[in-house]
2 protein chains.
Amino acid sequence: MRFQKTTEYAIRAMVYLAKHPGQRLSTRSLHESLDIPYKYLGRLMSRLAEAGLVSVEHGKHGGYQISENRDSIYLYQIAEEVEGLEDYERCILGFPDCSDEHPCALHDRWVAHRENIKAMLYETTLADLEEEPTKQP
Amino acid sequence: MRFQKTTEYAIRAMVYLAKHPGQRLSTRSLHESLDIPYKYLGRLMSRLAEAGLVSVEHGKHGGYQISENRDSIYLYQIAEEVEGLEDYERCILGFPDCSDEHPCALHDRWVAHRENIKAMLYETTLADLEEEPTKQP
DNA sequence: TAAATATACTACCTGAAAGTAGCATTTAGG
DNA sequence: CCTAAATGCTACTTTCAGGTAGTATATTTA
């Protein structure tokens, strides 16, 4: 009941980029700030760039920055790109034909929590995460 | 953001046993009723028996049944045995020193949902899942 | 134009979850 | 006592997330 490690990395990186608007940050600096394996992070950033979530500059002094406004990038977009959103449509017990009309024993209890998590993903932007005066650990 | 498949199997099997109190059910019959790979289910049931969640009879006409009262077995016990409960103490972004006092950007939003899920696991018994007139898919 | 520094691409390695298979062991009952 | 039917144990296989490594390519700048 958690994000894949790669999704954690992706959200970390996107949040960090959102905190440094207008700056182009290299994989090296993200690696050092966020403690994510350098080579693995490089491939991840390429994926995020290809998905259009960040813009990229090649060559010397290259790197990544948030592609659009921080308030137009939602958490679900990051999760979708990395691990997909299939889990949030899935029966909690894995029954293929579980549904509201034909629920498994845990369905009703689970769906309530699941919808709350979905709301978090679909309604929270990177800008929203900036608003609170929370320190990055 | 889901249970491991094996945890799904375990909860399915426990719920099914809880619906047939006093009956000793073989791996074969559980396999046929729940569509879980036969051999894999056999090993899983052994684990649940060793953990004390079900009682077991060997030999001909052997099988498993709920070990105690249905209302004294909580979902968290099943999840704990199969995949552990570490995820529910973990930072959603994987920062090792994230905490209430030193939160990551998502901490406060996530903890609310996480605690609700923990409550579901720690407060729901197999008997509770019986009470609602829901059909097993 | 050449060196430095960055991303992009490709191949490989590792560990764990999920699944398969065979044989040993236990028990009921004719 | 023997056989059928069940669990228990052990080993192997498959798949994929996560991680490592080397090289190609792009861009800045001295």
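Order of the sequence lines sets the chain letters (A, B, ...), proteins ahead of strands, with each chain counted from 1. Predicted, not measured: the structure shown is a model, and the values here were computed from it.
- Within 4.0 Å (heavy atoms only), B:Arg43 reaches at least one base atom of the nucleic acid.
- Taking 4.0 Å as the cut-off between side-chain N and carboxylate O, B:Glu115 and B:Lys118 count as a salt-bridged pair.
- A donor atom on one side chain and an acceptor atom on the other are found under 3.5 Å apart for A:Glu83 and A:Thr7.
- Checking the phosphate oxygens (OP1, OP2) of D:dT7, no side-chain nitrogen or oxygen of B:Ser46 falls inside 4.0 Å.
- At a cut-off of 3.5 angstrom, counting only N and O atoms as typed in the model, there is a donor on one side and an acceptor on the other between the side-chain of A:Lys39 and the base of D:dG22.
- Using a cut-off of 4.0 Å between Lys/Arg side-chain N and Asp/Glu carboxylate O, A:Glu8 and A:Arg2 are scored as salt-bridged.
- Positionally, the nearest nucleotide of DNA chain D for A:Lys5 lies more toward the 5' end than for the other of A:His58 and A:Lys5.
- Checking D:dA6, C:dG19, C:dA6 against every side-chain atom of B:Ser26, the shortest atom distance belongs to D:dA6.
- Residue A:Tyr40 places no side-chain N or O under 4.0 Å from the OP1 or OP2 atom of C:dC13.
- Two residues, A:Gly59 and A:Thr6, neighbour DNA chain D, and the one matched to the more 5' nucleotide by heavy-atom proximity is A:Thr6.
- As a whole-Å value, the separation of A:Arg47 CZ from D:dG19 P is 13 Å.
- Rounded to an integer number of Å, the gap from CZ of B:Arg2 to P of C:dA17 is 13 Å.
- Ring planes of B:Tyr76 and B:Tyr122: parallel class, angle under 30° (limits at 30 and 60°).
- With rounding to whole Å, A:Gln4 atom CD is found 13 Å from C:dA17 atom C1'.
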| request: Please test A:Ile36 against A:His31 for side-chain contact (heavy atoms from CB on, under 4.5 Å), starting from the C-alpha separation and ending with a verdict. | output: CA-CA 5 Å; A:Ile36 300 170; A:His31 154 71; 5.5 Å; no
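- Taking atom NE2 of residue A:His31 and atom C1' of nucleotide C:dA6, one finds them 15 Å apart after rounding to whole Å.
- You'll find that the side chain of A:Val56 is closest to C:dT7, out of C:dT7, D:dG8, D:dT20.
- Here C:dA17 presents its C1' atom at 15 Å from CD of B:Glu86, a figure rounded to the nearest Å.
- To the nearest angstrom, P of C:dA28 lies 11 Å from NZ of B:Lys60.
- Atom C1' of nucleotide D:dA30 and atom NE2 of A:His61 are separated by 12 Å, given to the nearest angstrom.
- In this structure, B:Tyr38 reaches the bases: a heavy-atom distance under 4.0 Å links it to at least one base atom across the strands shown.
- For B:Gln65 and D:dA6, the CD to P distance is 15 Å, given to the nearest whole Å.
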